[in-house]
Asks: 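Below is a structure I'd like to ask you about.
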Amino acid sequence: MKKIHFIFALSAILALSLVLGCAKAPTEKVDAAKAALEQAKTAEADRYFADDFKALNDSLNAALVEIEKQNSRYSFSRKYSRAVALLDYSTAHAASLAEKTAARKAEVKAAVDQKVIDINLAVSEAKGLLAKAPKGKEGRQALEDMKSEITTAENTVPEITTLVNSGDYLSASDKATAVYAKVTSINDELKSAIAKVSGKARKSS
Amino acid sequence: MMTKGKKTHLAQLLGPGKKKRTRFLRYSIPALFLVGCVLLGVLIFHPEPPMQKIENCQQMVERARKANAELYAREWYLAAVEDWDRMVQQWRQENNRWFFNRDYDQIASLCDSILKLAVLAEAQALQSADSLRLAVEGEISFVSYRIQQIRDYSGSLPSKHKIASQLSQSEILFLESKEAFKRGDIQQTIRKIRQAQTLLNGVEESLNSMTLGYFRQLPLWKAWAKETVEWSRVNKQAAVIIDKFAHTCLVYDHGQLIHEFPAELGKNWLGAKQQYGDSATPEGKYAIRQKKAGAQTRYYKALVLNYPNETDKKNFQSAVKTGRLSSEARIGGFIEIHGEGAKGVDWTQGCIALKNEDMDRLFDMTRVGTPVTIVGSLLDNPPQVVEE
């Protein structure tokens, strides 16, 4: 009789340990990885480091597949270690990508701020050159047009500031680079016109 | 005989008074064995998820994502992702069932669909990315060409601040689009290039409306020019034609073109003169009324024209009568061909300015009464801003 009791008790303990001893799906880690990815997206990692962001998405997806793969198994044979590793990787890299993005954004912003200073300097220089530029045969109308172009460029600077304030540093950078290129091209044109005239003046003297 | 013997043996083992337990064990052991066999069967033959297919799908969706399918093959890609999400959800639901009750058929068929969609998305994305890149590059070149054409064209017209400003804005947008293209942001490139195009369309429209209105009188101008040349031929004398659009002063003698001088005009030369102070150069058939030189003129030498002629006066009165001009408007006068030109800009109040050397030649060739015909243009057709 004692033997039978012992067999039943052993079976019960075995069954209980199988049920209680099964691995559990890392749902908290999934939530953490998703939150980290969302944070990276909010930081605009998908815009500044698109490829890295895609890779993170892929590893999160791989982790979710791995979890379901394990869930398809018997509870006593489930192993979530690979899924956990992928999730840990996603969480850690999402966080570092968010940091990297913030640093890159700060860099772009600093470059834009510097470019705005350069634009203002170039505009001042252009105004000075306009005053010195030859007004004869070289074309007064061309000078009038240049004046109008410089005013347009100058009026674009507040647009750059608005873009910076809204956090769209990449568009601000594009605009700042474009405006700077425009003003410097006008300056180059003016300088070459002035140089031509001063060259002629030297020859004739 | 054998069964009886066995029973006796089992009864002996369990001890006396345990007949009930003996019966229980006799039925329960085979039952447990049967249950065990069923469980084992289920364990061995239970449905498995189509892992190979799922992994293939996952890889394919990753590849499509890497090829920027979301951007270049959006429809296929979003359909693939939607099916993927549905498949994962379905898989989760199946996993929540008892293992012997799971059915992965729908997951397998969803996988087939995802695979097809993702393959299409990747292929289309790769192809579209190339063709879109080429198309955008083409558009960038075209806009660059268009800006240059408009710049050249508008350079020959009276300066209009609004047009110059719009042209400059479109150039900045164009440069922005190039920057966006450099960093691979095709969407932003397209957005900026379209904005530049819209502004350029506005500039082109303004220029076209300026010039098309202007060229309405082209047949009349050609007729005037023909008559002037004919007069020179018949009378064997010099005659002058001013072509405003070409900014030239054409001198004929005996019906032959003998000189072509560059000329500068009134600041607002595009269009006929309406009234005093509008800085427009008039159009019409005139004659030299007076020749001035030395202290008589501020502009080196001058040939005063008989502006306004009878037609100018009639047009002016009609404009005042119909209210197109204010009743206080004056018709103006003292339109001359004079020296001190070559400033590189249209700067006069409506006169025609020549270089002093050219003025010397013209002065010598003409006399009071020499016909001077001022026409808007002598082109065969009105020019287009951007040539096809």
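These numbers come from the heavy atoms of this one structure, side chains and all, not from hydrogens, waters or symmetry mates. Remember, it's a predicted structure, so these values are computed and weren't measured experimentally.
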Asks: Does atom NZ of K105(A) have more than 12 heavy-atom neighbours, drawn from other residues, nucleotides or ligands, at distances under 6.0 Å?
Replies: yes
Asks: Any chance you could measure E48(B), atom CD, to S72(A), atom OG, to the nearest 0.5 Å?
Replies: 8.0 Å
Asks: Hey, does S173(A) have a side-chain heavy atom less than 4.5 Å from the side chain of E179(B)?
Replies: no
Asks: With a 4.5 angstrom heavy-atom cut-off, could you sort out which part of E62(B) is near chain A: side chain, backbone, both or neither?
Replies: both
Asks: Looking at Q39(A), I'd like to know if its CD atom is crowded, meaning that more than 12 non-hydrogen atoms belonging to other residues, nucleotides or ligands lie closer than 6.0 Å.
Replies: no
Asks: What's the separation between atom CG in L64(A) and atom CZ in R92(B), rounded to the nearest 0.5 Å?
Replies: 7.0 Å
Asks: Chain A heavy atoms under 4.5 Å from F174(B): which part of the residue, side chain, backbone, both or neither?
Replies: neither
Asks: Quick check for you: among A180(B), G184(B), G341(B), which has the greatest number of heavy-atom pairs under 4.5 Å with chain A?
Replies: A180(B)
Asks: So what's closer than 4.5 Å to chain B heavy atoms on S171(A): side chain, backbone, both or neither?
Replies: both
Asks: Atom NZ of residue position K54(A) - does it have more than 12 heavy atoms of other residues, nucleotides or ligands inside 6.0 Å?
Replies: yes
Asks: Taking the side chain as every heavy atom from C-beta outward, state whether I54(B) and V65(A) have any pair of such atoms under 4.5 Å apart.
Replies: yes
Asks: Under a 4.0 Å threshold between the charged nitrogen and the carboxylate oxygen, would D174(A) count as salt-bridged to R183(B)?
Replies: yes
Asks: With a 4.5 Å cut-off on side-chain heavy atoms, are N71(A) and W91(B) touching?
Replies: no
Asks: Give a yes or no on this: more than 12 heavy atoms of other residues, nucleotides or ligands lie within 6.0 Å of atom CD of Q114(A).
Replies: yes
Asks: Report the distance from atom CD1 of I150(A) to atom OG of S168(B), rounding to the nearest 0.5 Å.
Replies: 9.5 Å
Asks: Are any non-hydrogen side-chain atoms of N61(A) and R65(B) less than 4.5 angstrom apart?
Replies: yes
Asks: Please state whether the side chain, the backbone, both or neither of E171(B) comes within less than 4.5 Å of a heavy atom of chain A.
Replies: side chain
Asks: In Å, rounded to the nearest 0.5 Å, how long is the span from CD of Q90(B) to CD of E68(A)?
Replies: 11.5 Å
Asks: CG/N95(B) to NZ/K69(A) distance, rounded to the nearest 0.5 angstrom?
Replies: 12.5 Å
Asks: Which residues in residues 175-191 of chain A have any heavy atom lying under 4.5 Å from a heavy atom of chain B?
Replies: K175(A), T177(A), A178(A), V179(A), A181(A), K182(A)
Asks: For the interface with chain A, which of Q169(B), K182(B), K192(B) has the highest count of heavy-atom pairs at distances below 4.5 Å?
Replies: Q169(B)
Asks: Output the distance between atom CD (Q58(B)) and atom CG (D58(A)), rounded to the nearest 0.5 Å.
Replies: 8.0 Å
Asks: Salt bridge or not between R151(B) and E149(A)? Use side-chain N to carboxylate O under 4.0 Å.
Replies: yes
Asks: Relative to chain B, which segment of A55(A) carries a heavy atom at a distance below 4.5 Å: side chain, backbone, both, or neither?
Replies: neither
Asks: Given a strict heavy-atom distance threshold of 4.5 Å, which part of N155(A) is in contact with chain B: side chain, backbone, both, or neither?
Replies: neither
